[in-house]
Structure formats: structure tokens, C-alpha cells
Amino acid sequence: MPKIHYKSAEEVELIRASAQMVSKTLAEVAKVIGPGVTTLELNNLAETYIRDNGGIPAFLNFHGFPYSLCISLNDQVVHGFPSKHVLVEGDIVSVDCGVILNKYYGDSAFSFAIGEVDEITKTLLRVTRECLDKGIEKAVTGMRVGDIAYAVQEHAEKHKFGVVKELVGHGVGLELHEKPEVPNYGKRGSGIKLEEGMVIAIEPMINAGRAGIKFWDDGWTVSTIDGKPSAHFEHTVAIKKGKADILSTFSYIDDVLKEKNNN
Ligand code: MG
Ligand code: MG
């Protein structure tokens with residue numbers, strides 16, 4: 001079994017640089033995302049932005065994945081392909097981005113509402129983002145992976161939403177997916193102990209309806225079994241000085257969206 005790779009303070013800073021580039025890339029996506037835009041345009045602008053800033057799009061060619069972003073629309077959960085699909089009012093779009101910078105990975109995802117979405121979808125977006133925050137609160141020394149998992153699951157299920165169980169968060173570093181796995185469901189006090197130097201991606205995938213998912217013939221796309229929408233928010237987080245140090249950020253995205261709403 002592969003071992004957990006505990007990072008030095010220097011390595012955490014390298015991962016922070018990658019994660020910050022991911023966050024800024026997602027903010028570039030936020031600037032243009034809206035009705036009339038294709039998801040392929042979003043992919044292409046992200047790829048250009050990452051390369052112009054000296055990074056490598058981490059998902060492109062990862063196990064053969066053909067794009068720089070995973071873009072998952074409405075009932076798609078994760079790993080969707082960017083396409084010529086034109087976004088319309090009422091869509092929700094989960095955008096997952098990874099960057100390699102100085103050999104280290106960063107990984108973050110954000111789900112966007114296109115114009116006005118219905119009430120249940122609005123609640124789904126809010127609650128999934130809250131699930132991420134609640135998971136991060138437990139990412140401190142003395143807790144275990146199961147404490148993160150439980151916090152995410154409890155909050156989602158309180159709102160009668162389905163928690164995706166087949167796909168999980170993960171360690172991040174010189175590899176995109178390192179040990180330990182970080183599930184979004186589980187028992188308090190169970191699993192691997194969280195310790196100084198661990199860097200993990202926490203990434204709740206929450207469905208408006210049932211928890212069940214299906215895997216498409218394209219080998220990648222995952223969607224909900226009942227056709228109801230799904231949301232995905234993700235941060236790369238280090239356990240540093242006993243606390244959660246969030247290496248990616250949504251602040252750039254939030255600033256862009258606030259600015260757009262005011263215009
Ligand atoms: Mg991701
Ligand atoms: Mg991830």
C-alpha cells in the first residue's frame with residue numbers, strides 16, 4: 001500500500017502556489033461563464049491562462065483525460081467533458097481544475113449557477129459549499145479522516161441530499177491522487193489520523209436527489225442515477241501548526257461574481 005507523504009513547510013508553499021493558480025484560473029472561468037458560452041470555450045481559456053502563467057494543466061492527458069478542465073453540467077457529478085454545448089439560464093456547471101507548478105499539484109472545484117436557477121438547485125449549491133467548509137473545520141490535528149467525512153455527510157443529509165460515495169477526496173502533492181482517501185461519508189473518530197504536514201483535497205459531491213450515480217461509456221463522465229442536479233466544491237488543504245491551512249481559495253471567484261452581479 002502506498003504510504004502517506006507528509007510535506008515539509010517548503011513543500012506546502014509549493015502546493016499553495018499551484019493551488020492559487022488553480023483558484024485564479026477558476027476566477028478567469030467565472031469572468032466569462034454565463035448564458036451563450038460553450039463549455040469548450042471555458043476549457044480553452046483555462047488552458048491558455050495556466051500555460052501563460054508557467055503552469056501545466058494537470059488533468060490534460062491524466063490517465064488519458066482529453067481536456068484541461070472537468071466540466072460537469074446539471075445531472076453530471078464530476079469528470080464531464082467540455083463540449084460545444086451552449087450554457088443556458090438555469091444550468092449549473094461544476095468546474096474542476098488542476099495545475100502542476102514546480103512539479104507540485106493543486107486541485108480545486110467550484111459549481112456555478114447560470115443566471116437564475118430553481119430553489120432546490122440554489123439550496124444544493126449553498127449546502128454543498130457549506131459541506132466543504134464543515135469538512136475543512138475538522139481538518140485539524142487530533143481529528144481523523146472519518147471526522148471530515150462525517151461532517152460532510154451529516155450536513156448534506158440534514159437537507160435530504162444524496163452524498164456520492166463512489167468518489168472521494170485524496171492526498172495532494174507530487175501526485176494528483178495520493179493517500180489517504182478522504183470520503184464524504186463515514187463515522188466520527190474513524191480512519192487515518194490527521195497529522196502535521198498532510199495535504200488533502202476535500203471535495204464533497206452532493207446530489208439534489210438520490211446518492212446513486214452512473215458511469216458513462218466515454219470512460220469518464222459520472223452522472224446522477226435519477227437525473228437530478230449535482231454539485232461539487234473542492235479545496236486543497238494543508239494541516240499546518242495543527243490547523244487547516246486552505247491552500248486554494250474561492251475569494252477570487254467570489255470577487256468576480258460579486259462584480260458581475262453589480263453590473
Ligand atoms: Mg478536483
Ligand atoms: Mg480532487
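Note on Ile253 and Leu124: same hydrophobic cluster, where clusters join Ile, Leu, Val, Met, Phe, Trp and Tyr whose side-chain heavy atoms are under 4.5 Å apart, directly or indirectly. By the criterion of side-chain heavy atoms lying less than 4.5 angstrom apart, applied directly or through intervening Ile, Leu, Val, Met, Phe, Trp or Tyr residues, Ile4 is not grouped with Val12; the two fall into different hydrophobic clusters.
In this structure, CG on Leu73 lies 14.5 Å from CZ on Phe81, to the nearest 0.5 angstrom.
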query: Is there a side-chain hydrogen bond (donor to acceptor under 3.5 Å, both in side chains) between Tyr185 and Glu157 once you walk through the steps?
result: CA-CA 10 Å; Tyr185 68 99; Glu157 291 183 349; over 6 Å; no
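Among all heavy-atom pairs drawn from Ser223 and Trp216, the shortest one is OG-NE1, 2.8 Å.
Residues passing the ring-ring contact (aromatic ring centres under 6.0 Å, His included) test with His232, sequence neighbours excluded: none.
Between Lys158 and Glu130, none of the side-chain N atoms (NZ, or NE/NH1/NH2) sits under 4.0 Å from a carboxylate O, so this pair counts as no salt bridge.
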Identify every side-chain donor-acceptor pair in residues 86-100 under 3.5 Å, counting partners at least two apart or on other chains, and give the distances.
residue, atom, partner, partner atom, Å
Glu89, OE2, Glu116, N, 2.8
Asp91, OD1, Asn74, ND2, 2.9
Asp91, OD2, Val88, N, 3.0
Ser94, OG, Ser111, OG, 2.7

Report all side-chain donor-acceptor pairs from residues 137-145 shorter than 3.5 Å, counting only partners two or more places apart or in another chain.
residue, atom, partner, partner atom, Å
Thr141, OG1, Gly242, O, 3.4
Arg144, NH1, Gly191, O, 2.8

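Here the side chains of Asp147 and Leu194 are not in contact, with every heavy-atom distance at 4.5 Å or above. Looking at heavy atoms from C-beta onward, Val127 lies in side-chain contact with His155 at the 4.5 angstrom threshold.
Surrounding CD of Glu181 are at most 12 heavy atoms belonging to other residues, nucleotides or ligands under 6.0 Å away.
The aromatic rings of Tyr67 and Phe65 sit perpendicular, their planes meeting at an angle over 60°, well past the 30° parallel limit.
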